[in-house]
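Quick caveat: nothing in here was measured; it's all calculated off a predicted structure.
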2 protein chains.
Amino acid sequence: MPTPARTSVENLIETARQILEAEGLEGLTMQRVAAEVGVRAPSLYKHVRNRADLIRLVTEDVARQLTKLVERAASTGDPATDLRSIARGFRSFAHTNPGAYGLIFGPLADEWRTAPETLATGTEALIRSTSALAGPDHALEAARTVVAWAHGFVSMELAGAFRMGGDVDDAFEFGLERIIDALSAGERRT
Amino acid sequence: MPTPARTSVENLIETARQILEAEGLEGLTMQRVAAEVGVRAPSLYKHVRNRADLIRLVTEDVARQLTKLVERAASTGDPATDLRSIARGFRSFAHTNPGAYGLIFGPLADEWRTAPETLATGTEALIRSTSALAGPDHALEAARTVVAWAHGFVSMELAGAFRMGGDVDDAFEFGLERIIDALSAGERRT
DNA sequence: ACCTGAACACCGTTCAAGT
DNA sequence: ACCTGAACACCGTTCAAGT
């Protein structure tokens with residue numbers, strides 16, 4: 001006798017993400033998710049392969065959202081302006097979704113790492129800006145410099161690593177301007 | 001009847017660190033550590049409070065080692081040279097101790113985060129260099145820029161996030177020179 | 001003073017049995 | 001076609017009992 005599903009992958013992903021933000025990755029258990037959607041843990045295995053698979057799906061969801069944000073931030077055509085929007089958007093995304101953000105580049109098991117394609121369009125938007133700023137020869141290296149700095153900054157910030165006083169917002173803006181400067185300087189020199 | 005301890009905190013920390021590098025954080029279980037040192041899991045609780053405590057001790061050990069490395073790298077007195085040494089030393093430490101490195105700024109539970117003091121002397125060495133390079137007014141912000149970039153770069157690298165081709169070593173050197181440039185440029189301008 | 005087995009509460013996961 | 005309880009192997013942790 002076929003019975004209609006009481007939940008769905010989408011529902012599981014959304015629920016998992018809420019739990020992740022509220023209680024962290026350790027709190028994201030199959031039993032917790034099951035309880036939240038109103039079934040027993042074994043039922044989840046009709047919808048996802050296992051816990052790692054569920055986490056991977058959440059990560060992909062997050063990566064898609066971040067990518068869309070970056071894509072939209074790079075819209076004026078002026079590379080420095082776009083880079084500022086991208087960096088600030090990146091940071092504010094991390095602030096509002098700290099748990100989700102930790103999944104993307106975190107030192108986590110290979111199993112739930114997101115595929116390169118998911119982040120591709122966001123990367124393209126970034127490279128477009130750095131290409132205009134640092135020249136096409138250094139576009140990729142410049143993009144890596146920007147994203148490394150931005151990711152490092154927000155991940156340290158979220159980890160509570162900036163504990164020597166000083167205004168953290170100011171430090172972010174300082175770094176952003178200096179890096180944009182440095183990349184444009186490179187272009188002028190070439 | 002007092003019996004001599006068959007293990008010690010130091011022994012546990014060292015063993016835990018080996019397991020961490022070999023099998024990742026999930027593989028670092030109390031039973032695994034106990035088996036490795038030749039006792040049963042409950043015995044570990046005579047030496048550490050619990051698993052989180054053991055991980056915290058490992059983190060502190062790692063932080064101390066990294067700090068010492070940074071401290072020693074900054075030795076020539078020339079800020080740009082010292083910054084290069086610090087950044088490269090930082091990166092090579094992460095490469096040889098990827099599991100341990102992940103503990104320091106990772107998006108991990110508060111319980112095993114290391115105390116600020118442990119990283120203090122390394123931070124001082126870094127700030128000395130950035131102060132000479134970017135001026136004392138921006139020393140802290142400049143140090144945050146450098147460390148954010150370096151940490152972001154190596155953590156993305158370790159996470160396998162640089163998947164668009166290009167030479168990753170070159171990207172590191174590119175970013176390093178541009179950032180040093182940008183910070184010195186700031187000094188000249190003031 | 002340290003170590004142990006037994007026990008408890010919690011995981012993830014499988015599977016046969018229910019509807 | 002989905003959901004369930006029971007079961008298994010694994011955790012971390014506590015504790016009384018051993019030496």
Side-chain angles (χ1 to χ4, degrees), chain A residues 1-60 99 102-103 106 108-113, chain B residues 1-59 99 102-103 106-113:
Chain A
M1 194 71 79
T3 68
R6 285 219 286 269
T7 183
S8 63
V9 207
E10 291 74 27
N11 189 19
L12 294 188
I13 293 174
E14 196 188 354
T15 305
R17 205 167 146 180
Q18 281 165 11
I19 297 171
L20 175 65
E21 292 303 342
E23 313 178 25
L25 193 54
E26 330 85 272
L28 179 49
T29 70
M30 296 301 265
Q31 326 223 9
R32 186 81 178 68
V33 173
E36 205 70 37
V37 302
V39 297
R40 301 288 181 168
S43 301
L44 301 184
Y45 294 79
K46 288 287 164 187
H47 302 96
V48 296
R49 203 152 11 124
N50 49 35
R51 180 173 180 261
D53 191 40
L54 175 57
I55 294 176
R56 190 185 52 77
L57 289 167
V58 173
T59 307
E60 248 157 44
L103 290 178
L108 302 164
D110 292 333
E111 297 159 303
W112 56 59
R113 192 159 297 144
Chain B
M1 195 72 77
T3 68
R6 284 219 286 268
T7 184
S8 63
V9 207
E10 292 74 27
N11 188 18
L12 294 187
I13 293 174
E14 197 188 353
T15 305
R17 206 168 144 178
Q18 280 164 11
I19 297 172
L20 174 65
E21 292 303 342
E23 314 179 24
L25 192 55
E26 331 85 88
L28 180 48
T29 68
M30 296 301 266
Q31 324 223 9
R32 185 83 178 69
V33 173
E36 205 69 37
V37 302
V39 297
R40 301 288 182 168
S43 301
L44 301 184
Y45 294 80
K46 286 288 163 186
H47 302 97
V48 296
R49 204 154 10 122
N50 49 35
R51 181 173 179 260
D53 191 39
L54 175 57
I55 295 177
R56 189 185 52 76
L57 289 168
V58 173
T59 307
L103 289 179
L108 301 165
D110 293 334
E111 295 160 306
W112 55 60
R113 191 160 296 145

Pairing residues for A/Arg40 by the salt bridge (Lys or Arg N to Asp or Glu O under 4.0 Å) criterion, not counting sequence neighbours: none
Between P of D/dA9 and CZ of B/Arg32, the distance in whole Å: 20 Å
By side chain to side chain donor-acceptor pair (under 3.5 Å) - contacts of B/Ser43 (at least two apart): none
C/dT19 OP1/OP2 closer than 4.0 Å to side-chain N/O of A/Arg6: no
Residue pairs passing the salt bridge (charged side-chain N to carboxylate O under 4.0 Å, His left out) test where at least one lies in residues 8-20 of chain B, sequence neighbours excluded: B/Arg17-B/Asp61
Candidate nucleotides C/dT13, C/dT4, D/dG12, ranked by approach to the side chain of A/Arg51 - the nearest: C/dT13
DNA chain D base-pair string [pairs: Watson-Crick or G-U under 3.5 Å; |: paired with another strand]: ||.|||||...|||||.||
Nearest to side-chain heavy atoms of B/Asn50, which nucleotide of D/dG12, D/dT13, C/dT13: D/dT13
Between CD1 on residue A/Ile13 and CG on residue A/Leu20, distance to nearest 0.5 Å: 12.5 Å
For DNA chain D, the residues among residues 35-46 of chain A that have a non-hydrogen atom under 4.0 Å from it: A/Val39, A/Arg40, A/Pro42, A/Ser43, A/Lys46
Whole-Å distance separating the CG atom of B/Leu28 from the P atom of D/dC10: 18 Å
For atom CD of B/Gln31 and atom P of C/dC11, their distance in whole Å: 17 Å
Counterpart residues, side chain to side chain donor-acceptor pair (under 3.5 Å), relative to B/Glu36 (two or more places apart): B/Arg32
Distance in angstrom units between B/Leu25 CG and D/dC11 P, rounded: 14 Å
Nearest heavy atoms of B/Leu25 and B/Arg51, plus distance in Å: O-NH2, 3.0 Å
Under the side chain to side chain donor-acceptor pair (under 3.5 Å) test, residues paired with A/Gln31 that sit two or more places apart: none
Nearest-angstrom distance from the residue atom CD of A/Glu26 to P of D/dT13: 13 Å
Pairing residues for B/Arg49 by the side-chain contact (heavy atoms from CB on, under 4.5 Å) criterion, not counting sequence neighbours: B/Asp53
Contacts of A/Asn11 that satisfy side-chain contact (heavy atoms from CB on, under 4.5 Å) - sequence neighbours left out: A/Thr7, A/Ser8, A/Thr15, A/Val37
Whole-Å distance separating the CD atom of B/Glu23 from the P atom of D/dC10: 14 Å
